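Worth saying up front: this structure is predicted, and the values here are computed from it rather than measured.
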Amino acid sequence: MMESKVSEGGLNVTLTIRLLMHGKEVGSIIGKKGETVKKMREESGARINISEGNCPERIVTITGPTDAIFKAFAMIAYKFEEDIINSMSNSTATSKPPVTLRLVVPASQCGSLIGKGGSKIKEIRESTGAQVQVAGDMLPNSTERAVTISGTPDAIIQCVKQICVVMLEVQSVTMGSPPKGATIPYRPKPASTPVIFAGGQVRADPLAASTANLSLLLQHQPLPAYTIQGQYAIPHPDLTKLHQLAMQQTPFTPLGQTTPAFPGLDASPPASTHELTIPNDLIGCIIGRQGTKINEIRQMSGAQIKIANATEGSSERQITITGTPANISLAQYLINARLTSEVTGMGAL
């Protein structure tokens with residue numbers, strides 16, 4: 001995410017910031033025949049990429065030295081302000097709504113952004129006058145969260161500067177060590193299109209539909225060849241395949257229930273079981289508050305995951321993962337990502 005060329009000036013490093021925008025906002029940034037975005041690129045010196053695809057939401061990626069990023073942000077914030085003023089001239093509204101931007105930030109960095117007991121985010125709000133909110137849930141099928149900033153264009157620019165400083169601090173601390181907990185980037189889904197799988201069941205599966213956009217996105221984002229180092233490093237494109245595979249498998253029936261008989265339809269690969277042992281003191285980061293994390297992992301991987309109760313005298317807990325090989329690999333990968341982020345102190349959330 002960052003090239004290590006911190007200059008004496010402190011902040012002259014290359015950063016990538018991703019924004020989530022609705023179609024209408026994207027249209028405003030692109031402008032007629034792409035003129036607005038062209039001007040933004042030229043005047044800011046930042047690279048500005050807009051994800052392809054007929055999705056209701058698009059990702060706008062801004063890359064460059066920090067000063068170029070701040071210029072690009074300023075131009076976007078002022079453009080949105082202009083749009084608000086124009087829309088108000090046609091409406092009866094009297095109070096001017098604030099400019100709002102949504103950043104997409106890896107969950108592993110959100111802890112530093114919020115700070116202990118919310119201290120950092122409070123400091124950012126107070127010193128910039130912008131409203132900042134970090135979403136509680138990760139964006140679908142990713143390990144990223146939306147961070148919503150709203151306020152006047154100037155407040156937003158100050159706020160983005162402070163967020164960049166936090167992200168750079170997180171990264172400079174982690175430079176040279178293995179990548180922190182795998183980040184699965186958020187990719188907006190197209191308006192759902194039904195996909196017909198072998199056996200004729202029709203499912204509205206936006207994931208399969210969005211793989212068409214994947215190759216385009218992969219060209220824009222310099223993703224590492226391997227997402228995490230360690231036991232279950234999975235090359236990045238395979239992760240998406242894995243996720244699709246996992247999602248295509250019909251969830252299985254708990255023992256004792258019979259599946260309705262559809263001769264010839266039962267073509268899903270046989271379920272297998274995999275066991276892991278996890279130290280007691282790390283089990284909490286996998287379960288999460290009131291089971292939120294483990295449910296997220298179950299949902300994303302499509303696997304059944306059982307965590308054994310603590311046994312006396314043992315410092316470890318047994319985790320049993322059941323599902324198709326694809327479900328199991330994805331569940332292992334997600335558990336490993338949680339552990340990596342916890343062990344390296346990035347699991348503040």
Side-chain angles (χ1 to χ4, degrees), residues 1 16-22 51 55-61 100-115 118 120-121 132-149 163 166-167 170-171 174 179-190 192 205-207 210-211 213-214 217 221 223-224 227-228 232 234 236 239-240 242-244 246-247 282-303 305 327 329-349:
M1 189 149 186
T16 296
I17 301 275
R18 296 165 71 233
L19 286 168
L20 189 54
M21 289 190 190
H22 296 302
S51 67
C55 309
E57 292 182 318
R58 309 269 282 278
I59 296 276
V60 177
T61 308
T100 300
L101 293 179
R102 287 181 299 162
L103 306 185
V104 181
V105 178
S108 58
Q109 296 185 352
C110 288
S112 309
L113 190 56
I114 291 167
K120 188 72 200 171
I121 201 161
V132 190
Q133 276 161 333
V134 178
D137 293 327
M138 294 197 205
L139 289 158
N141 305 321
S142 78
T143 55
E144 297 196 298
R145 294 175 195 259
V147 176
T148 306
I149 310 175
I163 289 174
V166 172
M167 288 166 87
V170 171
Q171 286 165 342
T174 59
K180 290 300 154 268
T183 293
I184 303 173
Y186 173 59
R187 300 194 167 94
K189 293 179 176 179
S192 183
D205 192 337
L207 223 148
S210 67
T211 42
N213 311 338
L214 189 70
L217 273 158
Q221 293 172 327
L223 291 171
T227 335
I228 40 174
Y232 307 115
I234 298 180
H236 220 289
L239 181 60
T240 317
L242 250 178
H243 194 269
Q244 271 175 272
M247 290 300 139
L282 287 176
I283 201 82
C285 79
I286 289 167
I287 296 174
R289 235 181 250 151
Q290 294 167 333
T292 49
K293 289 290 168 247
I294 192 76
N295 286 339
E296 218 168 69
I297 294 173
R298 284 184 180 122
Q299 214 175 343
M300 278 180 76
S301 66
I305 305 170
N327 297 137
S329 304
L330 193 50
Q332 279 181 341
Y333 170 85
L334 293 164
I335 287 171
N336 207 43
R338 287 290 310 153
L339 289 175
T340 313
S341 67
E342 183 69 16
V343 170
T344 51
M346 300 319 253
L349 284 184

Task: Student check: side-chain heavy atoms of Arg187 and Glu144 closer than 4.5 Å - done: no

Task: Exercise: identify the closest heavy-atom pair between Asn327 and Ser301 - done: ND2-O, 2.8 Å

Task: Minimum heavy-atom distance between Val104 and Tyr186, given as atom pair plus value - done: CG1-CB, 4.3 Å

Task: Pairwise side-chain contact, Thr148 with Val132, heavy-atom cut-off 4.5 Å (strictly under) - done: no

Open item on the list: For Gln133, give me all partners under side-chain contact (heavy atoms from CB on, under 4.5 Å), at least two apart in sequence or on another chain.
Closed with: Arg125

- [ ] Specify the closest pair of heavy atoms between Ser142 and Leu139, including all atoms of both residues, with the distance to one decimal.
- [x] OG-O, 2.9 Å

Task: Any side-chain heavy-atom pair of Arg102 and Glu57 under 4.5 Å - done: yes

Open item on the list: Could you measure the distance from the CE atom of Met167 to the OG1 atom of Thr16? Nearest 0.5 Å is fine.
Closed with: 9.0 Å

Task: Any side-chain heavy-atom pair of Leu20 and Pro188 under 4.5 Å - done: yes

Task: Partner set under salt bridge (charged side-chain N to carboxylate O under 4.0 Å, His left out) for Arg58, not counting sequence neighbours - done: none

Open item on the list: Between Ile163 and Ile149, is there a side-chain heavy-atom distance shorter than 4.5 Å?
Closed with: yes

- [ ] Find the distance between CG (Leu282) and CD1 (Ile287) and round it off to the nearest 0.5 Å.
- [x] 11.5 Å

Task: Any Arg145 side-chain heavy atom under 4.5 Å of Val105 side chain - done: no

- [ ] Search all heavy atoms of Arg298 against all heavy atoms of Ile305 and return the closest pair with its distance.
- [x] NH2-O, 2.7 Å

Task: Rounded distance [0.5 Å steps], CD1 in Ile335 versus CD1 in Ile294 - done: 5.5 Å

Open item on the list: Looking at Gln332, is its backbone amide N or carbonyl O close enough to the side chain of Asn336 to form a donor-acceptor pair, meaning the two atoms are under 3.5 Å apart?
Closed with: no

TODO: Identify the two heavy atoms, one from Met138 and one from Ala107, that lie closest to each other, and give their separation to 0.1 Å.
DONE: CE-CB, 4.0 Å

Open item on the list: Would you compute the distance between atom NZ of Lys293 and atom CD1 of Ile286 and round it to the nearest 0.5 angstrom?
Closed with: 12.0 Å

TODO: Could you tell me the separation between the CG atom of Leu101 and the CD1 atom of Ile17, rounded to the nearest 0.5 Å?
DONE: 11.5 Å

Task: Inter-residue atom distance Ser112.OG - Ile121.CD1, 0.5 Å rounding - done: 12.0 Å

